[in-house]
Every structure is written in structure tokens, then in C-alpha cells.
There are 2 protein chains.
Amino acid sequence: MHDEGYAAATSRQIAARAGVKQALVYYYFPTMDDLFLEVLKAGADTALAQMRTALTADDPIRALWTISSDPRRTVLNTEFMALANHRKAIGSELKSYAERVRDIETAAVTMVMRANGVDLNAYPPVAIAMLIAQIARSLGNEATVGVTEGHEELRALVERHLALLSAPTPSVRG
Amino acid sequence: MHDEGYAAATSRQIAARAGVKQALVYYYFPTMDDLFLEVLKAGADTALAQMRTALTADDPIRALWTISSDPRRTVLNTEFMALANHRKAIGSELKSYAERVRDIETAAVTMVMRANGVDLNAYPPVAIAMLIAQIARSLGNEATVGVTEGHEELRALVERHLALLSAPTPSVRG
DNA sequence: GTCTATATAGGGATAGAC
DNA sequence: GTCTATCCCTATATAGAC
């Protein structure tokens with residue numbers, strides 16, 4: 001899926017890469033949909049675990065920013081988003097995963113913003129959390145197709161604002 | 001592509017929807033890759049034209065925000081991003097399109113920020129342009145899979161900042 | 001320009017031997 | 001658990017009639 005897209009992730013290709021025969025795929029997964037779902041769940045669980053660990057880091061928000069920036073993750077995310085457009089089961093799983101991710105990010109952002117005395121009404125943590133995660137993903141997505149225009153500038157801008165949230169300092173303006 | 005993903009956009013399906021026979025597709029497009037490329041180019045040209053028109057609007061940045069938010073566009077964009085992962089021709093076309101879009105957005109943002117007396121070094125227009133476009137796309141992408149958590153809050157936050165850029169007023173903080 | 005028909009390839013999935 | 005063999009379907013693409 002990562003290298004050639006979901007359409008190339010066929011039972012035969014997968015079996016070949018695993019060094020087994022095609023029929024064996026259907027021994028473990030009744031249908032290809034089940035296989036895709038398991039791949040999604042496994043990846044999601046790994047990502048969620050990483051994110052929960054990030055919550056205990058010195059700089060939780062930067063840790064979440066780094067995780068969300070991972071190009072491997074952004075590429076697969078795009079593939080699953082495309083898959084979700086026409087496979088309901090993938091769609092609902094992706095949705096529940098996205099919501100759990102957002103909850104974790106929001107918790108981290110809330111914690112840090114509170115510690116920094118930021119006005120939580122003016123800057124709702126859930127909005128800031130989404131901002132951070134989606135900007136990271138966008139940079140990854142664009143870099144994948146070779147677009148880098150404005151990346152340096154945006155990265156610098158984000159870094160400056162992340163710095164404001166890395167240590168308890170007053171009067172942060174978002 | 002919009003309804004069922006690029007993998008379902010086969011010569012047969014396309015012919016059926018067009019009310020013609022499958023072979024006719026190959027009369028107009030030598031290969032499916034050529035067809036995908038033409039769809040991308042046509043959509044890109046339309047979008048670019050809309051964006052250039054937006055530059056002359058009363059509130060150019062909000063106009064660009066609206067265009068980038070269009071769910072039809074975000075869905076197709078995701079499909080093409082996924083396609084680009086394994087089709088070089090799509091990838092390079094998507095890249096050149098993304099860069100032209102960014103240039104237009106940057107021009108609009110530069111113009112408005114200058115009129116508002118915003119510090120262009122502290123807030124590079126290209127970064128703000130990317131921010132606006134990608135947030136809009138992210139909201140569209142997530143809405144497509146049914147995720148809406150934090151959307152209202154983020155939308156309000158964006159609206160507040162867009163308002164700062166809609167009329168020439170001093171002391172904008174981004 | 002649009003069609004029918006077909007070549008060739010590969011897909012998902014199952015049956016049944018070992 | 002892993003294999004071989006196979007069914008059936010659909011894909012891209014081409015040939016050639018009209």
C-alpha cells in the first residue's frame with residue numbers, strides 16, 4: 001500500500017512479499033476487506049500507543065507534532081482515506097481512530113496550554129490540536145509528491161509557536 | 001473517482017456513466033493513465049481559473065478559503081494524491097498544479113497582509129497561504145469520513161483570523 | 001465516431017490434497 | 001497451516017465491422 005497504492009495491494013502481491021502462496025492469505029483473512037481492516041487497526045494501535053507515550057514526554061506537543069509528521073504515516077493515511085471513500089468498514093474504523101487520536105492530542109494540548117496560562121476559550125485546545133496534527137500531515141503529504149514551496153516558512157512559524165507551548169511562560173498569543 | 005475511488009474508475013464504469021461503450025474510451029484516451037491525467041488537468045484548470053477570479057473579490061482570502069473547502073475538490077484531491085503515490089505522470093502533474101495554486105494563494109495573502117500592515121517577515125505570506133488552504137482541505141477530508149470533532153472550534157478560530165485580514169486594520173497578530 | 005468481439009492479464013475467492 | 005489447482009469475474013487494450 002505504501003509503495004504502490006491500495007489498488008496494488010492484492011492477495012497475490014501480498015503473498016509474494018510474505019514469501020507464501022496466495023491461497024494462504026484467505027486462510028488468515030476471509031476477505032481482502034478484512035485484511036485491510038486489520039492493517040488499519042494494527043497501524044492505528046501502534047500510532048495510538050506512540051501518542052500515549054508522547055503524553056509523558058518533556059515536550060508532549062512537539063512529540064505529537066513529530067509523530068504526525070512521519071511521512072510513512074501520512075502516505076498510508078492518504079491511502080486509507082481514499083479507500084474509505086468507497087469501503088464503509090474502512091471508513092468507520094478510520095473515523096473512530098481519528099477521533100481517538102484527536103482526543104489524545106486535545107488532552108495534551110489542554111494540559112500544556114493550561115500550564116502556560118493560555119486562554120482556553122480564545123484558543124480551544126481541540127482546535128489547536130487539530131491545527132498541529134493537520135499541518136504536520138499536510139507537510140508530509142506534499143513532500144511525498146515533491147512540493148516543498150512554503151514548507152520552510154511554515155515549519156519555522158510552527159516551531160515558533162510550539163516553543164511558546166514548550167515551557168510554562170505567560171502571555172501566549174497562539 | 002469521487003463516489004467510489006480511483007480503483008473503481010475503470011474504462012467500463014466510465015463508459016457506462018457516459019452512456020457509451022467501453023471501447024470508445026480508448027478512442028479518446030490511449031490509456032487509462034492518459035484519461036486520469038486529462039481529468040486532473042481539466043479539474044486543475046477550472047480550479048485555477050476560480051482562484052484567479054477570487055483574487056479580484058472583495059475578500060480574496062475568504063474566497064480562497066471557500067474554494068479550498070469545497071468537499072468535491074478535497075475528495076478528488078485525496079484520490080489523486082493516492083494515485084500519485086504510484087503513477088509518476090500523475091505525481092508530477094499534481095505537483096506542478098499544487099505549486100501554481102500556492103503561488104496564487106501567496107499573491108492574494110501578500111496583497112492583503114501588506115494592505116493590513118502585517119509584518120511579512122514574522123508571518124511569511126507563503127506560510128499563511130499554505131495554512132489557510134491546508135486547514136480548509138483537512139476539514140473537508142475529515143468531514144468526508146464523518147469526523148467533525150473540533151471542526152466548529154477550528155472554523156471559529158479561522159474565521160476570527162480571516163476577519164482580521166478582510167479589512168485594512170492595524171496591529172494584526174496572525 | 002461508435003460499435004461488437006476478443007486477446008490477454010490479473011483480480012477475489014474456494015476446493016481439496018498433503 | 002500450507003500448498004496446487006481452478007472457477008469466475010473484471011480489468012486494459014486492440015482488431016475490425018459499420
Side-chain angles (χ1 to χ4, degrees), chain A residues 1-46 72 75-95 97 145, chain B residues 1-46 72 75-95 97 145:
Chain A
M1 283 182 79
H2 179 277
D3 295 344
E4 304 172 62
Y6 69 78
T10 66
S11 56
R12 283 172 173 81
Q13 293 281 327
I14 290 164
R17 291 223 189 176
V20 297
K21 297 299 175 181
Q22 183 232 0
L24 195 57
V25 172
Y26 291 94
Y27 175 76
Y28 287 101
F29 306 97
T31 70
M32 287 302 290
D33 261 45
D34 293 306
L35 186 148
F36 283 129
L37 259 184
E38 286 307 310
V39 171
L40 174 56
K41 282 183 187 169
D45 287 346
T46 304
R72 262 170 206 80
V75 168
L76 280 180
N77 208 281
T78 300
E79 289 295 326
F80 277 115
M81 290 276 292
L83 252 181
N85 282 345
H86 61 288
R87 302 216 193 192
K88 283 181 194 169
I90 301 285
S92 57
E93 184 64 27
L94 199 61
K95 173 182 154 141
Y97 163 59
V145 292
Chain B
M1 283 183 79
H2 178 277
D3 295 344
E4 304 172 61
Y6 69 78
T10 66
S11 55
R12 280 177 173 75
Q13 294 281 329
I14 291 164
R17 292 225 188 174
V20 296
K21 297 299 175 181
Q22 184 231 359
L24 195 57
V25 172
Y26 293 95
Y27 174 77
Y28 288 100
F29 306 98
T31 70
M32 286 303 289
D33 262 47
D34 294 306
L35 185 148
F36 284 129
L37 259 185
E38 286 307 311
V39 171
L40 174 56
K41 282 182 187 171
D45 286 345
T46 304
R72 264 172 204 78
V75 168
L76 279 180
N77 208 281
T78 300
E79 289 295 327
F80 277 114
M81 290 278 291
L83 253 180
N85 282 344
H86 61 286
R87 302 216 191 191
K88 282 180 194 170
I90 300 286
S92 57
E93 184 63 27
L94 201 60
K95 173 183 154 141
Y97 163 58
V145 293

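In what follows, chains are A, B, ... by sequence order, proteins preceding strands, each numbered from 1.
Straight-line distance from the CZ atom of B/Phe36 to the P atom of D/dA13: 10 Å, rounded to whole Å. For the pair A/Ile14 CD1 and C/dA13 P, the computed distance is 11 Å after rounding to whole Å. Residue A/Phe29 contributes atom CZ, which lies 15 Å from atom C1' of C/dG12 at whole-angstrom precision. Atom-to-atom, CD of A/Gln22 to C1' of C/dG10 comes out at 10 Å; the value is rounded to the nearest Å. Rounded to an integer number of Å, the gap from CG of B/Leu35 to P of D/dT12 is 10 Å. In this structure, CG of B/Leu24 is placed 9 Å from C1' of C/dC3, rounded to the nearest angstrom. Regarding A/Glu4, its CD atom lies at a distance of 11 Å from the P atom of C/dG11, rounded to whole Å. Per the geometry, OH belonging to A/Tyr26 stands 18 Å off C1' belonging to C/dG16, to the nearest Å.
The shortest side-chain heavy-atom distance between A/Phe36 and A/Met1 falls under the 4.5 Å cut-off. In this structure the side chain of B/Val39 reaches within 4.5 angstrom of the side chain of B/Phe80, judged on heavy atoms. Using a 4.5 Å cut-off on side-chain heavy atoms (C-beta onward), B/Asp3 and B/Gln13 make no contact.
Distances were taken from every side-chain heavy atom of B/Gln13 (C-beta onward) to each of D/dT12, D/dA11, D/dA5; the shortest belongs to D/dA11. For A/Thr10, taking side-chain heavy atoms from C-beta onward, the closest of the listed nucleotides D/dG1, D/dA13, C/dG11 is C/dG11. Side-chain proximity of B/Tyr28 to the nucleotides D/dT12, C/dT4, C/dT2 is greatest for C/dT2. Among C/dT4, D/dT2, C/dA15, the nucleotide with an atom closest to any side-chain atom of B/Lys21 is C/dT4. If you check D/dT4, D/dG1, D/dT12 against the side chain of A/Tyr27, the one that comes closest is D/dG1.
Residue-to-nucleotide contacts include no donor-acceptor pair under 3.5 Å from the side chain of A/Arg12 to the base of C/dG10.
Closest approach of A/Tyr97 and A/Asn77 over heavy atoms only: CE2-ND2, 4.4 Å.
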